[in-house]
Amino acid sequence: MIPAIRGTHDILPGEIERWQQAEQVVRDICGRYGYREIRTPVIEREELFAKGTGETTDIVQKEMYAFQDKGGERVTLRPEATPSMVRAFVEHALEQHLPTVKIFSLGPMFRYERPQKGRYRQFHQLDVEVFGVSDAALDAEVIEMAAALVEALGIEDAEVVVNSVGCAECRPAFGRALVTALGDREADLCGDCRRRAAVNPLRIFDCKVPSCQPIVDALPHATDYLCDACRSHFDATTGLLEALGVAFRVSHRLVRGLDYYTRTTFEILGGRLGAQNALLGGGRYDGLVRRLGGPDRAGIGFAAGMERLVLAMPDGSGPRAPDAFIVALGDAARQPAHLLARDLRRAALTALIDYGDRSMKAQLRRANRTSARHVLILGDDELAQGHVTVKDMTSGGETRVGRDDVVRNLAGDLLPASPEQPARMRRPIGRDDGD
RNA sequence: GUGAGUGUAGCUCAAUUGGUAGAGCGCCGGACUGUGGCUCCGGAGGUCGCGGGUUCAAUCCCCGUCACUCACCCCA
């Protein structure tokens, strides 16, 4: 056997239903807020992420699947979507084509990390981005949408966390204030934190080491160092969030790992996810489009981990129960049975049939396992009489129906009695709703 | 990249203080020559992760290696 490579995994029947449901909810919610779907390549020039994600980030320094292709080009499997989204925005001048550039994308990302719960080398993200809008109202709307998405997925124990990391004007001053406040206590920090203090002081807030906590708690807060513009932007964002009824917590410890964030940052945390408890995270990145060679446009967005969303979703239901399972007895019945199956399917019913010459018991056992509502029996008697025996698998009762009436009868049985009760088969996603 | 734990049937797991392995579930068949779900009976299915070492003999002990899981780093 040649196994799947580390950190990748197959999504099998039984689990795929949850993914399909998650994707359906994602598309529905994004659509309601005016987002259009786009798909970008999973492979890009390495340079795009070096500049976009940031040369100093761990993602770029040690986690990229980067290589040289046969033409000598430095390319990489995308570790995140935002730089690709920015590239597409710039390359196609999307602001000329869309009233407001609100776009989302769904697809695989690749990072060379040690896998653990909720983290894989190939994983999937929903990526949502808006370009060209700096109004704080959008910050609030984006966060509200993210919360709505999580709620729509049925994830209950989620927490919205918001912060502001300032802009190019005020953020450096805060960084210096951190170092100053640290003073000689820097020596008491853990090794990771001492490294952070030198490279990116903001990240000290992320530390989980107990001995660092008293020191971290005494540090100044980013929101105390915001310039006037950033201050009012943050106040407007949180004010609108409250007005929108979004339950959130402001955390000065929320500093995100990517370099490009400005002003608003946010995350939604989920319970029961293990150590990797961020369901989604994002923020504003007002300088990124220009840094990647585009016009000076604001940007804001978030990425949600699909594996984590699916993990946090409540248990769904299984595959849809077939409307009919056809049991054929004897060679003479096989061809008519397949014709019947075809006719049922043409009538939009789900029809299954067994293969090979198996006993009636075996076929019924299989029918039972599929949770089929009806079994249609075709044997010598039925062929001779021109009818089909319809067995109701719930009650066990049987009726005879003329061969030419079977499809209509079955379809009629399953069609809605009233508009409030849409038939199962009309649903875009096959789910057994267990009635 | 670091640390810990775990690798035995399709799945969940036993067992053997070293003598080449069992259960439950699932699957297939029978009891019931054309009637599922319950019950009973039977059957198929295992390089004991892989490689090496010790030994008369290794699934068990030793070394190595790989994989998985969880955690760190970091992030979705």
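Below, chain A is the first sequence line, B the second, and so on; all start at residue 1.
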Q) Taking for each residue the nucleotide of RNA chain B with the nearest heavy atom, is it A/Arg366 or A/Gly397 whose nucleotide lies nearer the 5' end? A) A/Arg366
Q. Among side-chain atoms of A/Arg263 and A/Thr237, is any donor-acceptor pair under 3.5 angstrom?
A. no
**Q.** Among B/G34, B/C73, B/C28, the nucleotide that comes nearest once only the side chain of A/Arg358 is considered
**A.** B/C28
Q | Rounded distance in Å between the P positions of B/G18 and B/C70 | A | 33 Å
Q | Minimum-distance nucleotide (side-chain atoms of A/Lys117 versus B/A71, B/C27, B/G36) | A | B/A71
Q: Report the nucleotide, chosen from B/C75, B/C73, B/C28, that has the shortest atom-to-atom distance to any side-chain atom of A/Asp58.
A: B/C73
Q: Determine the contact category for A/Ile377: base if any of its heavy atoms lies under 4.0 Å from a base atom, sugar-phosphate if only primed atoms, P, OP1 or OP2 are that close, otherwise nothing.
A: base
Q: Just compare B/C72, B/C74, B/A76 and give me whichever is closest to any side-chain atom of A/Arg203.
A: B/C74
**Q.** B/A58 versus B/G49 - spacing of their C1' atoms, nearest Å
**A.** 16 Å
Q: Check the surroundings of atom CZ in A/Arg290: do more than 12 heavy atoms from other residues, nucleotides or ligands lie under 6.0 Å from it?
A: no
Q.
Using a 4.0 Å heavy-atom cut-off, does A/Thr82 contact any base of the nucleic acid, only the sugar-phosphate backbone, or nothing at all?
A. nothing
Q.
By the 4.0 Å heavy-atom rule, please label A/Tyr120 as base, sugar-phosphate, or nothing.
A. base
Q | Partner nucleotide, any strand, of B/C40 [Watson-Crick/G-U, under 3.5 Å] | A | B/G30
Q: Please determine, for B/G3, whether a Watson-Crick or G-U wobble partner exists with both distances under 3.5 Å, and give it or none.
A: B/C70
Q: Check whether more than 12 heavy atoms from other residues, nucleotides or ligands sit under 6.0 Å from atom CD of A/Gln61, and answer yes or no.
A: yes
(Q) Starting the side chain at C-beta, find the nucleotide from B/A76, B/U35, B/C72 nearest to A/Ala275. (A) B/C72
(Q) Students often get this wrong, so: under 4.0 angstrom with heavy atoms, is A/Arg111 touching a base, only sugar-phosphate, or nothing? (A) base
Q: Classify the nucleic acid contact of A/Gly282 as base, sugar-phosphate or nothing, counting any heavy atom under 4.0 Å across all strands shown.
A: nothing
(Q) I want to verify a distance call: between B/G34, B/G29, B/C72, whose nearest atom is closest to the A/Arg114 side chain? (A) B/C72
Q: Could you check whether A/Ala278 gets within reach of a base, just the sugar-phosphate, or nothing at all, counting any heavy atom under 4.0 Å?
A: sugar-phosphate
Q.
Check this one for me: any side-chain N or O of A/Gln276 less than 4.0 Å away from OP1 or OP2 of B/A71?
A. no
Q. At under 4.0 Å between heavy atoms, what does A/Gly396 touch on the DNA or RNA strands: base, sugar-phosphate, or nothing?
A. base
Q) If we take the P atom in both B/G3 and B/A57, what is their distance in whole Å? A) 35 Å
Q) If you look at every strand shown and take non-hydrogen atoms under 4.0 Å, does A/Leu329 touch a base, only sugar-phosphate, or nothing? A) base
Q) Could A/Arg403 and A/Asp343 be called an ion pair, given the rule that one side-chain N must be under 4.0 Å from one carboxylate O? A) yes
**Q.** Base B/U35 to side chain A/Gln363, donor-acceptor N/O within 3.5 Å cut-off
**A.** no
